[in-house]
Amino acid sequence: MKGVIIEKELTRVVIASCSPRTHEPLFRETCREAGINPYLFEMANIRDQCTWVHRHEPDKATAKCKDLVHMAVARSAKLSPRYGISRPIHQQGLVVGGGVAGMTAAIGLAEQGFRTHIVERGKNLGGHALSLHSTWKGESIEPYIEDLIKKVSEHPMIGLHLETRVKEVSGAVGGFVSTLVNTKGKKIKVKHGIAIIASGGKSCKPKEYLYGEDVNIFLSLELDQAVNKDPERLRNVSSAVFIQCAGSREPERPYCTRICCTHSIRSALTLKELNPEMHIYILYRDIRTYGQRENIDRKARTAGIRFIRYAADEKPRVEKRDGKLRVLVKDQTIGMALQINADIITLASAIVPDSANDALSSAFKIPMDEHGFFMEAHPKLRPVDFASEGLFVCGLAHGPKSIDETISQARATVSRACTILAHKERIAGEDVAVVDPNLCGACLTCVRTCPYGVPFINDHGTAQIDAERCHGCGICASECPYQAITLTSLTTGQVMAKIDACLA
């Protein structure tokens, strides 16, 4: 292609073949290397939009392909060169959250040679993991966390901000400026090219099963701490009951917390090790020990731990009579109501979003799902990216997950962030929306509809769009009642040329 472009001195290029999503960047770069502005290129998508959907009608598909090519050629005549604006990249990172996800991400960026600021609201690093003792495989977590904290605290490329929160954020990818505020009210401005959100989550405290009314009713993490601090107390327990889905998979919280089944089974095996004669019951709706975790489920059943399935509309009831706890549950397998006298009860409560997520969502303008967890751009194509470029998410801030999955996801954000920080500058403003001030009526429609909060009313009383922050989605252009906004990549003249070619 480059040889033909140079030999024939071409001024436009039209490609009729592959999917633009996968191949358009390659063809544009080819044009650039051959000396043509990459935006003087047009693509007719005859694969996704024709051959794949009309495979049983080849003659009609061929006719449609011809129409698509005619339309692409017609639009190419209306194309004009576009030039971006070179902007420097602040080769620094900001990590929000000092848990396992945040520390892993901060260390990853620092070891790549990028100065990184880590912001933690609490007095200490570690987050949720400080309450964990071991993984489901039996690996000790405490030494790992201590080593992470030491690395973060001592690394010369990491700036640690404890008891600090993010108050304001401005700028765009490569040129963010965040204002940090500590508990004493001191403000610090940090320039950074990317930001990784790892604000974590927390355990829900259920309002049922008499939780908080008896010292022998624990949450999963509370039982872990009791095992570590006072194992002798638990050796004398003769009967233990685990109740799954305490607060999750309910109408107000319909998602699965994912780690509860594995955690409870691991805890049950630990109790069996303390007292092999202990009677242990796990009351569940569905056991979700996925992947290799299936082995731990098999081990528990072999060890004599009893699994009792209950229905969602017939949840277990916990009673306390004469100072003793008992659990009433209907076993779905045998269809009979059971009464279990329990010395201790452990509730597998839901993981819920951190309370700081609303403020972070507002500051960074990043979306949350209906439950309050941060939502990635695409679960398969962009699993750790936000829709806004340069912003990434990992750990419990994204949703419930185990510590090994958290570490993997944090490392993925580092990999994605480095693709930006590795460059000293970037090109902005190529595929953006522009406003004709002579047509703008300052109606605020674009300000209200833009999902990224980019348009604003300038000092002249007309709308203005920051080219550095615009994503080129076109929502403002389609909603503008005065037709004052145009996408540089899709003008009205280009669209009309395609329509005329199709109808001709």
Side-chain angles (χ1 to χ4, degrees), residues 21 87 89-90 92-97 99 101-102 104-106 108-109 114 116-119 165-179 190-201 255 353-354 356-401 405-406 408-423 426 428 431-432 449-455 465-476:
R21 178 183 288 274
R87 289 286 183 262
I89 291 178
H90 301 311
Q92 296 191 134
L94 177 72
V95 178
V96 182
T104 301
L109 289 174
F114 301 114
T116 303
H117 297 270
I118 183 169
V119 180
R165 60 186 177 86
V166 179
K167 185 178 181 181
E168 296 176 352
V169 181
S170 60
V173 54
F176 292 108
V177 178
S178 294
T179 302
V190 174
K191 294 181 179 181
H192 53 100
I194 61 91
I196 296 174
I197 308 301
S199 53
Y255 58 88
D354 190 88
N357 284 8
D358 286 333
L360 290 174
S361 175
S362 177
F364 286 97
K365 296 180 175 60
I366 47 181
M368 299 186 295
D369 62 19
E370 65 270 29
H371 313 303
F373 294 106
F374 289 114
M375 190 164 57
E376 74 280 13
H378 193 286
K380 292 184 178 180
L381 301 179
R382 299 176 66 191
V384 296
D385 297 47
F386 283 109
S388 298
E389 194 177 358
L391 301 177
F392 309 95
V393 62
C394 60
L396 295 182
H398 174 248
K401 55 181 59 69
E405 291 171 340
T406 292
S408 296
Q409 196 177 39
R411 290 173 176 170
T413 62
V414 173
S415 178
R416 293 287 298 121
C418 287
T419 62
I420 296 172
L421 297 181
H423 300 279
R426 69 184 184 91
D431 292 321
V432 297
T449 57
C450 178
Y452 306 101
V454 175
I465 294 174
D466 185 350
E468 288 191 62
R469 297 175 58 209
C470 180
H471 289 67
C473 65
I475 293 177
C476 58

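All residue numbers refer to positions in the sequence shown, counting from 1.
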Practice item. Return the minimal non-hydrogen interatomic distance between Ile420 and Ile89, and the atom names on each side. Key: O-CD1, 3.6 Å

Study note, to complete from the structure: So CZ of Phe176 and CG of Leu94: to nearest 0.5 Å the spacing works out to 9.5 Å

Check your understanding: Quick one: does Ser361's side chain have a donor or acceptor within less than 3.5 Å of a partner on Ile366's backbone?
Key -> yes

Point to revise | Nearest heavy atoms of Ile196 and Ala105, plus distance in Å | key: CD1-CB, 3.9 Å

Check your understanding: Which atom pair, heavy atoms only, marks the closest approach of Thr449 to Cys476?
Key -> OG1-CA, 4.3 Å

Contacts table for residues 388-399: side-chain donor-acceptor under 3.5 angstrom, sequence neighbours left out:
from, atom 1, to, atom 2, distance (Å)
His398, ND1, Lys401, NZ, 3.3
His398, ND1, Gln409, NE2, 3.3
His398, NE2, Glu376, OE1, 2.9

**Study point:** Spatial distance of atom CG (Leu109) from atom CD1 (Ile194) [nearest 0.5 Å]
**Key:** 5.0 Å

Check your understanding: Among all residues two or more places apart in sequence or in another chain, which pass the ring-ring contact (aromatic ring centres under 6.0 Å, His included) test with Phe114?
Key -> none

Point to revise | Rounded distance [0.5 Å steps], CG in Leu360 versus CZ in Phe374 | key: 5.0 Å

Revision key, fill the gap. Of all heavy-atom pairs linking Cys470 and Ile465, the shortest is CB-CG2, 3.9 Å

Point to revise | Test item: Arg426 side-chain N/O and Val173 main-chain N/O as donor-acceptor pair under 3.5 Å | key: yes

Check your understanding: When the ring centroid of Phe373 is compared with that of Tyr255, is the distance short of 6.0 Å?
Key -> yes

Revision key, fill the gap. Note: Gln92 and Leu421 closest approach over all heavy atoms is O-CD2, 3.5 Å

**Study point:** Side chain Asp354, main chain Gly200, donor-acceptor under 3.5 Å
**Key:** no

Review point. Does anything in residues 408-418 pair up under salt bridge (charged side-chain N to carboxylate O under 4.0 Å, His left out), and if so which pairs, sequence neighbours excluded?
Key: Asp385-Arg416

Exercise for review: Heavy atoms only: give me the nearest Glu468-Ala172 pair and the separation to one decimal.
Suggested key: O-CB, 3.7 Å

Exercise for review: Working to the nearest 0.5 Å, report the span between OH of Tyr452 and NZ of Lys365.
Suggested key: 13.5 Å

